[in-house]
Structure formats: C-alpha cells, structure tokens
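Step one of this worksheet: look at the structure below.
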Amino acid sequence: MSYELERMGARHGRWESRGTKDQPVDKALMRRAARLRRAVEYHNFRYYVLDSPVISDAQFDELFRELHTLEAAHPELATRDSPTQRIGAQPRKDFGVVRHALPMGSIDTAFAETEVETWDRRLRERLGVRGEVAYTAEPKFDGASVSLRYEEGVLAVAGTRGDGSAGEDVTANVRTIRSVPLRLQGRGCPRVLEVRGEVLIEKKHFARLNAEQAKHGGRLFANARNAAAGSLRQLDPRITARRPLAFFAWGLGEVSAPVADRYSQAVRRLGAWGFRTSDLIATVKGARGCLAYFSKIAAKRDALPFELDGVVYKVDAFRDRERLGFTARAPRWALAHKFAAREATTIIEDILPSVGRTGIITPVAKLKPVAVGGVTVTHATLHNQAEVERKDVRIGDTVLVRRAGDVIPEIVAPIKEKRPRGAKPWRMPAKCPACGGTVVREIGKAAHRCMAGLACHAQLERALAHFASRRSMDIEGFGEKLVRQLVAKHLVKSVAGVYRLTPRHLAKLERLGEKSARKLIARISKSKQTTLPRLLNALGIPQVGEATAAALAQHFGSIDALAAADRETLMQAPGVGSAVATDIHTFFREKRNLGVIAALLRAGVRPAVARPSRKSPVSGKLFVLTGALQSMTRDEAKDRLTALGATVSESVSRRTDYVVIGAAPGSKAAKARAFGVPALDESHFLKLLSG
DNA sequence: TGTCCTCGAGTTCC
DNA sequence: CTCGAGGACA
C-alpha cells in the first residue's frame, strides 16, 4: 500500500469556518459526528503512526467525507481538534513567538568511542554507582526539532526550537502533519503535556518531493532536513499540508504531573497517546551496550527510511537525571554519538581554473578544509562555467558540501544568507591560467578550452601523465612530480620524448638519485612491450578513451591500418560515429602526430594486438565491477576479463550480464539489483574466470 | 527527433 | 562520481 500523503492533503484543501451562534443541536447528529471524528482519527493513526491501516483508502475517504459534509452542514458540530480541521489557518505574514517553559537545549556530542566511555564513567562517579547504568539508546533523527504543547489533551501550541528558550509558533503547520495527534488518545494524560520530537521527511518522499519541485520549477532542497525545516516554516499551511512530513516523539518538556519513572516507560505512554516513536529505541547497559547499539545502527543506517546523524544515549531513570542535572550547555544525562558527518558547511576560498590534458578548463573550488564523511575535504570540482552559474556559487560563499556516493566531494548549494556583500559571480578567465593562451568556448559546448595544445605546459604535463598512466603505457614511477620537472626543464616536448630520456637527463632532476634513475629508465624501456589498445589510449586521440581504443584495435588490427582509414571506414568500427570518426581522421592527418607515432615506433614501442586467449564462458559477456576484491585489484580483474574476451563497462544497464561485487560496493550494486542483473561475489567470480 | 545508453574527461582523497 | 555529448535505435 502506498503512503499517499499528498493525495490526502489535497482532500483537506477546503476549509469551512465554524459557526459561533449557540443553537440547540440534534443529539443524534452530535453523537454521529463524535463517532466519525474518533473513527477518522483512529484510522489516521493506524496509517500514519502505526503504518498498518485496517481499512482501505476508499473506506477512509468515505468516513472523512461524511464527517466533512456533516460539519459543513452543521458548523457548530466541528471542534477545533476535528481531523477535518488540520488545515485551517490562512496564510500569515510572519510567525509568532513561542516561549519554551523548559528550555530546548542542545546535547553534548561525541564522535569517538572513548568519549562515550568517558561520559559514562563521569556519570557513574556522579551517581556513585558501581554497576552499569541503564540507558536508553535511540536514533538521532536529522530533521527539525519541535515542541508540542497539549492542554487538556488537545494540541494547543507547536514551536520550533529556535534559540532554545523561544522559537517560532508553527502550530498551523504542525497541525497538518498526520502523525501529530490533534487530541491525545486514551486517558491519564496530564493537564499540560509538552512533547518534544523531530519533524522529518522520509528519504524516498524527499526524492519525490525534489523531483516534483524540479518539474514545477520550484527550488530544490539540499537534503531531507532542509526540506523538513523549510516545510515547517511555510507561511501558508496549505503548502505544508502537501509536504510528506512525519513526526517522531523523543522527549518531554513541561508536564503538569509526572508521566513515568523511566524514559523508556514514558516513550511507551507517548505511543499509547497516539504518537509515533521510533521502533529502534532500546534500553542498554553501560557504555558497552551503548557502543554495541551504535555499531548496529551504523550498519543499518543506509537501509533505514529516515536520515540519521547519529544515536542518542539517555539515562533511563528520571530520578537519576534530576541528580545529574545540567552543565552550562547541556544535560549531563544525555549524549549524542554522531556518525562522521556526510555533509558539512564551509567557505569557498577561491575558484581555480584547472587545465586538463585536452585543454578543457575546469573550475575547481578551493575550500576551507572541512571534515566530511571521515576525511578532510579541501577541493571540489564545479565542472564548468554553466554549472557555476546554475549553482550560483561565488568566492567567499558559505556552501553545503557532501561526498557524492560517499566519495567525491560535491558542492550542493551556497547558503545565500551568508554571502558576503560584494561577492561577484565567477567568470572563466579569457586567457589560459597556465600558458596565457586564448580560451575559447565552442558554440553549443559547455566546456572552455585552451587552444595552445601541447605548447601549453599544463596540457603537456597532463598528456604525459596520461601516456604513462596505468591503463595506458603503464610506466610506474612516472608521476605528476616527475612530469612537472621534465616539462619545466624542457627535457620532454612530446610523448615520444619519454623514450629519449637518458640517465644524464634524469641527473638534472631534483630528488632522483642514480639508482632510482636507472630503475626508471628500465621501467620506461619495459613499457615498450605493450598492446595496441593501450598505445591508442595513450596517444590521447580526442574522444578515444579506453573502450574506443579497444574497439579500434580489434577492428583495424594495426596502427597503420587505423592511420590509413578514411572517415567512412572508421565509422564501420563499433561505437564510432561521425563525430568520433572526424576526430580520429583529423588526428592522423596531423604531421606532428604522425611524427610522434613514427618516433615511438622507432624507439622500439611494439604494440601487440591482444587476442582472446581461449574459449571461456565469459567471452562476449558484459561485466561491471564494484567494490574491492581480495585476490586482485579491480584493474587486474578488468584485464583478465578482457583477455578472456569479455567486456568491462563502468555503468550498469539492462544489457549488463554480470555485476561483480567486492567489499564496500558503491551505488552500482543497488542499480544491479534494480535491473535484476545477476551479482557475483568474489568466489563465484574466480570460479567463472577459471572456467 | 527523442530517448536511452555509453564513453570521455575531469576531479578527490588515502 | 558527475556532467556533457556522441552513438544506437525506435
């Protein structure tokens, strides 16, 4: 059954004002209205709090409509806590202020296990207990905290956390959240009851919300938390009503009478009164229990429907909480144990144009170092000028940073409120930042490009590094540092120059002794025994990468045949269309390029055509690799597969035959599942390799 | 002509 | 991993 919040929200769109005139009311009608109210409320609760409806959507619709019709005909029957009244208020100009009777403070944060142990030890000392303290452990939802005040069992006021002592009055918006009871169920609730909890958006609803925002040209939310907080701060509650918000209770504020002796009991009572509480709340013993809980939740984190930023430990017994009291900042009886942040804010110190091997200039943001997902991030790509404009990021901006797929740093969005005055939009420089050459943006293209070619030292450096790289000529030790020196000292002017290097040349370089120089020369020499696909990839023909190089090698068999081919012939090769054919053709008409190739061959570069070694069950199959393998690197796996006549691709599609899943797989594993592509673990993969 | 799929190119950090 | 763009195909 689907979780159709929007559809239900739309049903509530009409609002009837309530009659004020006192008039005799038909007792039977009154009873009927009360019964309907209870029924609608109950089914709302089954649906939004328990997530286990007992009637169909259509049946619910019928109940709701009957109540609505009845109240419309007899306005005096409609009560303030009626489920028809969730969306009542008109848009307003601003929010009122809510003072919190008990402050909504923050809690102390720990990242390391030792911090949790220290907290537990101090706490035991203060309480003077020998054994282990009973804690509750619960997920720390990443949403917006609110406090709901119930008077005589009816929702009276809802406020955001604000500065802790006072927040904004968001009552009208909170009333639209279906998992917030407008009237408490059962009996025995105190006259005044403040419930604290988190307003959230489920991950999948967030994705859909953003997709819809994009479709209607609305602005996108950076993450589920921002979407929840933003939805809560809508001036028009009708908009909030359409947002898929949920509420989870996790604590109490002011209460006119004690609710329980222990927090774990209080949580159960909150559930009985109609609140949604996390089903992951557990009681644990001591620091040991806390840490075990932490690992369990951390392992489940991605599979959970809501975003978490950690877990919270709380002393279970309220009496002990009182004895522990508060520090200046936070209660001593609670601790937030956070996961390494996946998102963080930092400042763009500069936007640097970086020149690639083809001359494409990419803006890269230099960031004030910040910890994200367990590493310190200092740079993030902005891809191109258009992307900089779309995201509207400027030097000096405070930005939200995340690690895409938990790996590559990505700038999500600027926080415009924090933009320094006078920050101007960034523009691509008109001259190449490396060589001063002309920068051109071709019509209809996204990229800017330095036109100087290999005369541009940045391009020459990158071209050499690419030539020597593992999947090209594979010259170990021929790295960035070395390349930069070789270019700066004019020792190498083209990729062919690599094979003209002598020990005497290398002696001119810094930090390279005689012994390592000899080693390097030997490695360079060894790289001459290569394969045609590698050589073609190494040359850096525009639009020819690893896959196309392999296809061309297969199809033409030799570099001479390829160089002699006209456009028509080139287009016969798989994956080569008119654009790629033109680029290849142009490359081989260029005198300089032919000179480089001739020089390479003269120097003794011998490209062999790799041929599938033997019949294998994997030949002709399309593989995708993800995660780390134990017995070999991914590159080795790729080589072995290709040698057996299989194709290895980077992205999963319906055509993929097998996905090999190693340790810590990325998003490809999930995609493979979605497409129903068979997954192989390492042992099965090895079996397949060995036939 | 539009859509889906692939590839190329650039980028980050350990 | 992301974006852009070319290729294949309907």
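Within every chain, numbering begins at 1; the chains are lettered A, B, ... in the order of the sequence lines, protein sequences first and strands thereafter.
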Legend entry - Length of the CZ-P vector between A/R403 and B/dC13, whole Å: 9 Å
Inset, instruction - In whole angstrom, give the distance that lies between atom CZ of A/R449 and atom P of B/dG8. - result: 15 Å
Inset, instruction - Kindly point out which of B/dT11, B/dC7, B/dG10 is positioned nearest to the side chain of A/S649? - result: B/dC7
Inset, instruction - Select one nucleotide: of B/dC13, B/dG10, C/dG6, the one nearest the side-chain heavy atoms of A/I360. - result: B/dG10
Legend entry - Whole-Å gap separating P (B/dA9) and CG (A/L539): 12 Å
Inset, instruction - For A/H383, report the nucleic acid contact type (base, sugar-phosphate, nothing); a contact means any heavy atom under 4.0 Å. - result: base
Inset, instruction - Look at the side-chain N and O atoms of A/R462 and state whether any lies under 4.0 Å from the OP1 or OP2 oxygen of B/dT11. - result: yes
Legend entry - Side chain of A/A446 (C-beta onward), nearest among B/dT12, B/dA9, C/dA5: C/dA5
Inset, instruction - Give a yes or no on whether a salt bridge exists between A/E349 and A/K368, defined as a side-chain N under 4.0 angstrom from a carboxylate O. - result: no
Inset, instruction - Look at atom CD of A/E476 and say whether more than 12 heavy atoms of other residues, nucleotides or ligands are closer to it than 6.0 Å. - result: no
Inset, instruction - Nearest whole angstrom, please: distance from the P of C/dG4 to the CD of A/E389. - result: 12 Å
Legend entry - Short side-chain N/O contact to B/dC13 OP1/OP2 from A/T378, under 4.0 Å: yes
Inset, instruction - Would you indicate which nucleotide in B/dG8, C/dG6, B/dG10 comes nearest to any side-chain atom of A/T358? - result: B/dG10
Inset, instruction - State which of B/dG10, C/dG6, B/dT11 makes the closest approach to the side chain of A/I408. - result: B/dT11
Legend entry - Minimum-distance nucleotide (side-chain atoms of A/H379 versus B/dA9, B/dC13, B/dG8): B/dC13
Inset, instruction - Counting heavy atoms from C-beta on, name the nucleotide in B/dT11, B/dC13, C/dC3 closest to the side chain of A/N384. - result: C/dC3
Legend entry - Residues, nucleotides or ligands: over 12 heavy atoms within 6.0 Å of A/K418 NZ: no
Legend entry - Upstream residue (5' side of DNA chain B) when A/I541 and A/T656 are each assigned their closest nucleotide: A/T656
Inset, instruction - Just call it for A/G540: base, sugar-phosphate, or nothing, with non-hydrogen atoms closer than 4.0 Å on any strand. - result: nothing
Inset, instruction - Can you tell me the distance, in whole Å, between the CD1 atom of A/I361 and the C1' atom of B/dT11? - result: 15 Å
Inset, instruction - Report which part of the nucleic acid A/E546 touches: base, sugar-phosphate, or nothing (heavy-atom distance under 4.0 Å, all strands). - result: sugar-phosphate
Legend entry - Nearest listed nucleotide, side chain of A/P409, among B/dG10, B/dC13, B/dG8: B/dC13
Legend entry - Nearest-nucleotide pick for A/R390, side chain only, options being C/dG4, B/dG8, C/dA5: C/dG4
Legend entry - Protein-nucleotide distance (A/Q385, atom CD; C/dT2, atom C1'), rounded to Å: 18 Å
Inset, instruction - Measure across A/L308 and A/R301 and return the closest heavy-atom pair with its distance rounded to 0.1 Å. - result: O-NH2, 3.4 Å
Inset, instruction - Provide, to the nearest angstrom, the distance between the CD1 atom belonging to A/I411 and the C1' atom belonging to C/dC3. - result: 15 Å
Legend entry - Among A/L382, A/L400, A/V388, A/D397, side chain to side chain contact (heavy atoms under 4.5 Å, CB included) partner for A/I411: A/L382
Inset, instruction - Kindly say if A/T548 contacts the phosphate of B/dG8, meaning a side-chain N or O under 4.0 Å from OP1 or OP2. - result: yes
Legend entry - Below 4.0 Å: OP1/OP2 of B/dA9 and any side-chain N or O of A/R357: yes
Legend entry - Sole candidate of A/V311, A/D309, A/T109 that passes side chain to side chain contact (heavy atoms under 4.5 Å, CB included) when paired with A/K140: A/D309
Legend entry - Between P of B/dC7 and CG of A/L536, the distance in whole Å: 16 Å
Legend entry - Nearest-neighbour nucleotide for the A/S578 side chain, C/dG7, B/dG8, B/dT12 considered: C/dG7
